[in-house]
Amino acid sequence: MSTEKNLKPSKELPLGFVDRQEKELLIRDFVISNIKEVMINYGFQYLETPSFEYTDSIGKFLPDKERPDEGVFSFKDGKNWLSLRYDLTAPLARYVAKNYLELPKPFKRYQLGTVWRNEKPGPGRYREFLQFDADYIATGNLIADAELCAMISEILKKCGLTEKDFTIKFSSRKVLDKLFEYIKVNSAETRLKILRSLDKVDRLGWKEVEKLLGKGRKDLSGDFTKGAGLTEIQINEIKEQLNYEGKKITTTNPPPDGKTYDFDQWSKKWGEKEAEPVSNEFIEFEECLTSFGLKNCIFDPTIIRGLEYYTGLVFEVNLNFEVRNPKGQVVKFGSVGGGGRYDNLVSNFGKGIDCPATGISIGIDRLVFALIQKKDFKIKITRPVIICVFDRLQNDKYIKILKKLRASGISSEIYPGEGKLKKQMEYANKIGSPAVIFYGDDEIKSGKATLKNLETGNESSVKVEDLANEIKKLL
RNA sequence: GCAGCAGUAGCUCAGUAGGUUAGAGCACUAGUUUGUGGAACUAGGGGUCGGUGGUUCGAAUCCACCCUGCUGUACCA
């Protein structure tokens with residue numbers, strides 16, 4: 001920010017925004033190309049919606065304030081409030097509602113795009129980031145949900161991860177609804193508090209979450225967070241029904257009856273009639289996962305995905321390896337993607353539209369951040385061969401060489417600056433150029449250029465017409 | 001938002017019982033090499049010590065307020 005005293009513009013970035021370097025961008029490109037391949041293979045359409053939407057269209061939930069900028073970036077365009085999209089699902093719902101009659105049903109589309117959130121950034125979390133999103137619209141078929149899990153698994157594997165590197169956790173909001181009925185929590189506010197607390201089991205552990213469910217908890221800085229105010233009996237019941245610690249039932253490790261969750265327990269607690277529909281949903285989903293050959297899926301009832309619009313199954317992808325920040329400290333990385341069923345989101349736009357849907361998204365930048373941590377993860381950065389400039393009057397000769405090299409597919413350039421040879425060498429070294437070409441007086445006389453390998457320092461005399469082939473040998 | 005910690009050169013940081021011209025390493029510029037990079041050596045540029053006000057003969061150092069950043073926490077539809 002410039003002030004009256006300091007008229008120079010600031011070179012600092014706004015909070016939560018970053019410059020991204022080539023290495024990160026190339027890995028991102030690699031991830032994106034993998035995503036596109038998988039999406040075509042899975043039969044999804046490619047869609048793009050604009051960055052801005054009417055605020056109302058993507059968030060009826062926004063507070064009725066003078067300025068709807070809580071969580072989103074908004075501005076007033078004439079009479080209307082516009083907001084930058086905060087995810088790709090809400091704009092999709094708007095798109096589907098707008099084009100409902102024309103669209104094939106079910107409708108499958110994927111989208112890649114930047115999204116913005118006006119929140120406090122954290123390690124690896126920014127206010128602007130790239131998201132990938134794939135959805136099935138107008139189908140309640142659970143194969144769709146299982147397929148989303150298979151798809152995300154395939155994408156991660158293409159990106160170089162193995163099944164051991166990540167876990168897909170799933171649950172359903174319905175489990176918690178039954179639980180709330182059972183422990184007689186009816187207040188929407190308390191239910192929300194419980195959901196938020198449970199969502200933190202992953203990060204804080206059960207011990208701390210118990211405090212949040214009860215009276216409250218002090219964090220490391222000494223700040224106090226008020227709890228949900230449940231009784232000890234209620235908290236114990238929640239733990240008993242949700243605390244699957246130690247049971248660790250997974251599809252890799254199925255119990256004898258083939259179920260990855262404790263059906264009998266629910267039946268006993270809620271009654272068979274109440275439990276059966278919930279269980280059946282998981283059975284069907286589970287069978288699909290198995291058929292798709294997914295081995296690293298686990299039922300975890302503390303998966304909440306906070307989002308208000310989820311109505312049924314929810315899933316989340318977590319990485320199992322250590323992620324470090326630039327300072328080398330291990331950070332709690334959290335999920336790299338997730339999603340679930342949102343059967344009401346499209347219907348919100350109009351009566352008569354009954355439109356179940358399910359979708360999943362990946363935080364691409366976060367995934368890239370994690371992939372960079374894998375030491376064996378190398379990406380080739382191409383740097384140009386430099387043709388050094390001795391005399392501008394010989395530019396036509398340099399350009400001839402340049403055209404030949406480029407025609408042969410060799411990244412190359414004539415030194416673009418104005419310095420002496422030393423400067424040109426320093427430049428080539430700094431940008432990581434593999435080689436330089438000298439074509440000065442001596443070379444022009446002999447008709448042979450000097451090719452210098454910058455890695456070894458070796459120089460060789462090469463006929464101009466052989467340059468391309470010689471360079472290819474050393475690349 | 002709340003809480004804790006921190007702000008000295010482009011970067012990483014040293015420097016406080018308050019005291020001449022504020023330091024180092026890396027980076028940068030020039031030279032040792034006027035047709036040769038990565039190493040070395042020599043020289044050089046670069047800072048109103050986050051800002052404002054106060055205490056004092058004297059403030060990077062002490063006090064107050066503000067700004068910014070980091071971490072935790074809340075929120076994250």
Side-chain angles (χ1 to χ4, degrees), chain A residues 1 3-6 10-16 55-63 68-74 83 85-87 89-91 93 115-127 129 192-193 195-197 199-200 203-204 208 211-212 216-227 304-310 325-327 329 331-332 334-335 338 342 344-345 348 363 383 386 388-391 394 415 419-444 449-459:
Chain A
M1 292 287 248
T3 63
E4 272 184 53
K5 260 193 167 175
N6 176 15
S10 170
K11 55 184 187 278
E12 303 306 322
L13 290 168
L15 176 69
T55 300
D56 289 342
S57 308
I58 54 169
K60 60 176 177 14
F61 34 74
L62 283 167
D69 56 2
E70 208 149 278
V72 298
F73 291 101
S74 306
S83 291
R85 62 188 176 205
Y86 53 85
D87 74 3
T89 311
V115 304
W116 295 264
R117 292 188 189 177
N118 190 2
E119 294 165 352
K120 192 197 148 184
R125 293 184 68 184
Y126 300 105
R127 291 159 94 197
F129 53 97
L192 203 59
K193 273 199 167 179
L195 290 178
R196 285 173 184 155
S197 306
D199 195 32
K200 297 178 177 69
R203 185 156 47 90
L204 304 176
E208 297 303 310
K211 291 180 193 165
L212 285 173
R217 163 180 188 267
K218 250 189 205 176
D219 72 36
L220 286 172
S221 67
D223 193 28
F224 185 78
T225 309
K226 212 182 159 206
I304 309 292
R305 305 273 331 147
L307 320 180
E308 225 165 69
Y309 56 59
Y310 287 123
N325 65 16
K327 287 183 179 172
Q329 302 161 312
V331 292
K332 274 268 175 189
S335 70
Y342 49 97
N344 301 326
L345 200 56
N348 284 340
R383 311 269 55 177
I386 311 291
C388 293
V389 175
F390 290 87
D391 181 354
Q394 304 295 345
Y415 175 67
K420 299 175 178 177
L421 189 59
K422 183 184 168 80
K423 238 192 170 153
Q424 305 191 29
M425 295 295 291
E426 280 170 355
Y427 167 79
N429 187 54
K430 179 122 191 176
I431 67 167
S433 172
V436 294
I437 291 167
F438 299 147
Y439 200 59
D441 289 344
D442 300 346
E443 286 84 359
I444 290 173
T450 301
L451 175 64
K452 175 159 183 160
N453 181 331
L454 284 184
E455 208 181 316
T456 62
N458 291 339
E459 288 183 16

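Letters go in sequence order (proteins before strands), and every chain restarts at 1. Everything numeric in this text was worked out from a predicted model, so none of it was measured.
- Distance check on atom P: B:C49 versus B:C75 gives 42 Å, rounded to whole Å.
- Using N1 to N3 plus N6-O4 or O6-N4 for Watson-Crick, or N1-O2 and O6-N3 for G-U wobble, each under 3.5 Å, B:G38 pairs with nothing.
- Protein atom NZ of A:K211 is 13 Å distant from nucleotide atom P of B:U73, rounded to whole Å.
- In this structure, A:K226 reaches neither bases nor backbone, as no heavy-atom distance under 4.0 Å exists between it and the strands shown.
- You'll find that the side chain of A:K200 is closest to B:C75, out of B:C75, B:A77, B:U36.
- Distance check, rounded to the nearest 0.5 Å: OG of A:S57 to CG of A:N348 gives 12.0 Å.
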Enumerate the protein-to-nucleotides 28-33 of chain B contacts in which both atoms are nitrogen or oxygen and the separation is below 3.5 Å.
unit_1, atom_1, unit_2, atom_2, d
B:C28, OP1, A:K430, NZ, 3.2

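- With both pairing distances under 3.5 Å, B:U56 is matched to nothing as a Watson-Crick or G-U wobble pair.
- Searching all strands for a Watson-Crick or G-U wobble partner of B:C28 with both distances below 3.5 Å returns B:G44.
- The structure places CZ of A:F129 at 4.0 Å from CZ of A:R117, a figure rounded to the nearest 0.5 Å.
- For B:U71, the base has a donor-acceptor partner in the side chain of A:K120 [N/O atoms by modelled type, under 3.5 angstrom].
- Shortest non-hydrogen contact noted between A:Y342 and A:T89 is CZ-CG2, 3.6 Å.
- Within the nucleic acid shown, A:E208 has no heavy atom closer than 4.0 Å to any nucleic acid atom.
- Atoms CZ (A:R127) and C1' (B:C75) sit 14 Å apart, rounded to a whole Å.
- For the pair A:Y126 OH and B:C76 P, the interatomic distance rounds to 23 Å; values are reported in whole Å.
- In this structure the side chain of A:W116 never reaches within 4.5 angstrom of the side chain of A:Y86, judged on heavy atoms.
- Distance noted for atom C1' between B:A14 and B:U8: 10 Å (whole Å).
- Residue-level contact check: A:R125 touches the bases, meaning some heavy atom is under 4.0 Å from a base atom.
- For A:L454, the side-chain atoms get nearest to B:G37 when compared with the rest of B:C76, B:G35, B:G37.
- Base pairing of B:U20 is not made with any nucleotide, judged by Watson-Crick or G-U wobble geometry with both donor-acceptor distances under 3.5 Å.
- From A:I431, atom CD1 reaches atom CG of A:L454 across 9.5 Å, with rounding to the nearest 0.5 Å.
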| task | Kindly determine whether A:K211 and A:E208 satisfy salt bridge (Lys or Arg N to Asp or Glu O under 4.0 Å), including the steps that lead there. | result | CA-CA 5 Å; A:K211 291 180 193 165; A:E208 297 303 310; 3.2 Å; yes
In a table with atom names and distances, give each donor-acceptor pair under 3.5 Å that connects a side chain of residues 434-441 of chain A to protein atoms at least two apart or in another chain.
none

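- Within the 4.5 Å cutoff, the side chain of A:R125 has no heavy atoms near those of the A:K120 side chain.
- A:Q424 contributes no side-chain N or O that forms a donor-acceptor pair with the base of B:G35 under 3.5 Å.
- At the phosphate of B:U73, OP1 or OP2 sits under 4.0 Å from a side-chain N or O atom of A:R203.
- Toward the 5′ end of RNA chain B lies the nearest nucleotide of A:L15, the other residue of the pair A:L15 and A:R217 mapping further downstream.
- Taking the C1' atoms as reference points, B:A59 lies 33 Å from B:C2, given to the whole Å.
- Here the separation of B:U29 from B:G45, taken at their P atoms, is 16 Å to the nearest Å.
- Put simply, the side chain of A:S433 never gets that close to the backbone of A:N429: no donor and acceptor are under 3.5 Å apart.
- If you take atom P in B:A43 and the same atom in B:A6, they sit 38 Å apart, rounded to whole Å.
- Proximity of A:V389 to A:Q424: side-chain heavy atoms (C-beta onward) are separated by under 4.5 Å at one or more points.
- Rounded to whole angstrom, the span from the OH atom of A:Y310 across to the P atom of B:C76 amounts to 14 Å.
- At a threshold of 4.0 angstrom between heavy atoms, the contacts of A:L204 are confined to the sugar-phosphate backbone, with no base atom among them.
- With centroids closer than 5.5 Å and planes inclined by less than 30 degrees as the test, A:F438 and the base of B:G35 fail to qualify as a stacked pair.
- Going from atom CD of A:E119 over to atom P of B:C76 covers 9 Å, rounded to whole Å.
- A donor-acceptor distance shorter than 3.5 angstrom exists from the side chain of A:R127 to the backbone of A:L15, with no hydrogens or angles considered.
- Nearest heavy atom pair, residue A:E459 against residue A:K452, reads OE2-CD, 3.4 Å.
- The side chain of A:L212 sits closest to B:A74 out of B:G37, B:C75, B:A74.
- Look at CG on A:D56: it is 14 Å from C1' on B:A77, rounded to the nearest Å.
- In a base pair of the Watson-Crick type (N1 to N3 plus N6-O4 or O6-N4) or a G-U wobble (N1-O2 and O6-N3), with each distance short of 3.5 Å, B:C65 is matched with B:G51.
- With rounding to whole Å, A:I304 atom CD1 is found 16 Å from B:C75 atom C1'.
- Side chain A:N429 to base B:G38: no donor-acceptor pair is found below 3.5 Å.
- Here the P atom of nucleotide B:C76 and the CD1 atom of A:I58 are 17 Å apart, to the nearest Å.
- Using a distance-only test at 3.5 Å, with no hydrogens or angles considered, a donor-acceptor pair links the side chain of A:T456 to the main chain of A:N458.
- Comparing the C1' positions of B:U68 and B:U52 gives a spacing of 15 Å, expressed to the nearest Å.
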Protein-nucleotides 42-45 of chain B N/O pairs closer than 3.5 Å?
none

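- Comparing B:A39 with B:C28, their P atoms are spaced 9 Å from each other, to the whole Å.
- Spacing between B:A27 and B:A40 at atom P, rounded to whole Å, works out to 8 Å.
- Using the Watson-Crick or G-U wobble rule with both distances under 3.5 Å, B:G72 pairs with B:C2.
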